[in-house]
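Encoded as structure tokens, the structure appears first; notes follow it.
For the numbers below, each heavy atom of this structure counts, side chains included, while hydrogens, waters and symmetry mates do not.
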Amino acid sequence: MPLRIIPGDPLTVSLCHCRDCQRRTGAVAVSGAIFEKTEVTIEGERKVFVRDAAQGRTVRFHFCPNCGTSLYWEGDFNPNLCLVAVGAFADPTSPPPSVSVFE
């Protein structure tokens, strides 16, 4: 996997129910663990999908070029944050979501 996270809990875990996230993942909601970028080291090859987001901002989705797994995303909404796909951890003890948006 091309990212490493310094041990510790995320700032928060969110669920996004927006139509764009639903289309991107084929799921009813997407779960992301939010970290400060300084807590995340990005290594290895990845592909990026860029799209317009709410209020004229841009969001960049990074995924594995071999299997297509969604790894993390970042956006103009806060350039200091990195949202890591909770499923990428494959850890059932990950903290539960504390925020839910675009319901």
Side-chain angles (χ1 to χ4, degrees):
M1 178 185 279
L3 44 106
R4 210 177 16 190
I5 297 169
I6 293 171
D9 288 335
L11 297 171
T12 192
V13 177
S14 67
L15 282 178
C16 183
H17 302 264
C18 79
R19 295 280 184 235
D20 290 323
C21 283
Q22 290 174 350
R23 284 186 198 102
R24 180 176 61 86
T25 64
V28 88
V30 176
S31 184
I34 303 172
F35 292 90
E36 292 282 343
K37 278 190 181 176
T38 57
E39 302 293 308
V40 179
T41 301
I42 301 165
E43 302 171 336
E45 190 179 349
R46 62 200 170 275
K47 296 276 186 177
V48 180
F49 172 70
V50 180
R51 72 163 173 82
D52 292 331
Q55 301 165 341
R57 299 177 183 150
T58 299
V59 64
R60 291 165 296 286
F61 298 93
H62 300 260
F63 59 95
C64 175
N66 298 315
C67 69
T69 298
S70 182
L71 299 171
Y72 68 98
W73 51 100
E74 58 190 342
D76 296 344
F77 56 90
N78 188 333
N80 297 317
L81 299 180
C82 179
L83 289 82
V84 180
V86 170
F89 292 113
D91 180 1
T93 65
S94 292
S98 57
V99 172
S100 186
V101 297
F102 296 107
E103 295 177 330

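Here the side chains of Val13 and Ser94 are not in contact, with every heavy-atom distance at 4.5 Å or above. Ser70 places a side-chain heavy atom less than 4.5 Å from the side chain of Arg24. The shortest distance between side-chain heavy atoms of Leu71 and Lys47 does not fall below 4.5 Å. With a 4.5 Å cut-off on side-chain heavy atoms, Asp20 and Gln22 do not count as touching. Using a 4.5 Å cut-off on side-chain heavy atoms (C-beta onward), Pro10 and Pro95 make contact.
Chaining together hydrophobic side chains whose heavy atoms lie under 4.5 Å apart places Val59 alongside Leu11, Val30, Ile34, Phe49, Phe61, Phe63, Trp73, Phe77, Leu81, Leu83. Residue Val99 is found in a hydrophobic cluster whose other members, listed by chain and number, are Val101, Phe102; membership requires side-chain heavy atoms under 4.5 Å apart, directly or through intermediates.
Looking at every heavy atom in both residues, Val84 comes nearest to Tyr72 through CA-CB, 4.0 Å.
Annotation: the span from Lys37 atom NZ to Asn78 atom CG amounts to 9.0 Å, rounded to 0.5 Å. The structure places NE2 of His62 at 6.5 Å from CZ of Arg46, a figure rounded to the nearest 0.5 Å.
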task = Give the intermediate values and the outcome of side chain to side chain contact (heavy atoms under 4.5 Å, CB included) for residues Arg60 and Asp76.
result = CA-CA 9 Å; Arg60 291 165 296 286; Asp76 296 344; 3.4 Å; yes
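Residues Asp52 and Arg57 are not paired through a salt bridge, judged by the lack of any N-O separation under 4.0 Å between the basic side chain and the carboxylate.
With sequence neighbours left out, the side chain to side chain donor-acceptor pair (under 3.5 Å) criterion links Ser98 to Thr12.
In this structure a side-chain-to-backbone donor-acceptor pair under 3.5 Å is missing from Asn80 to Glu36.
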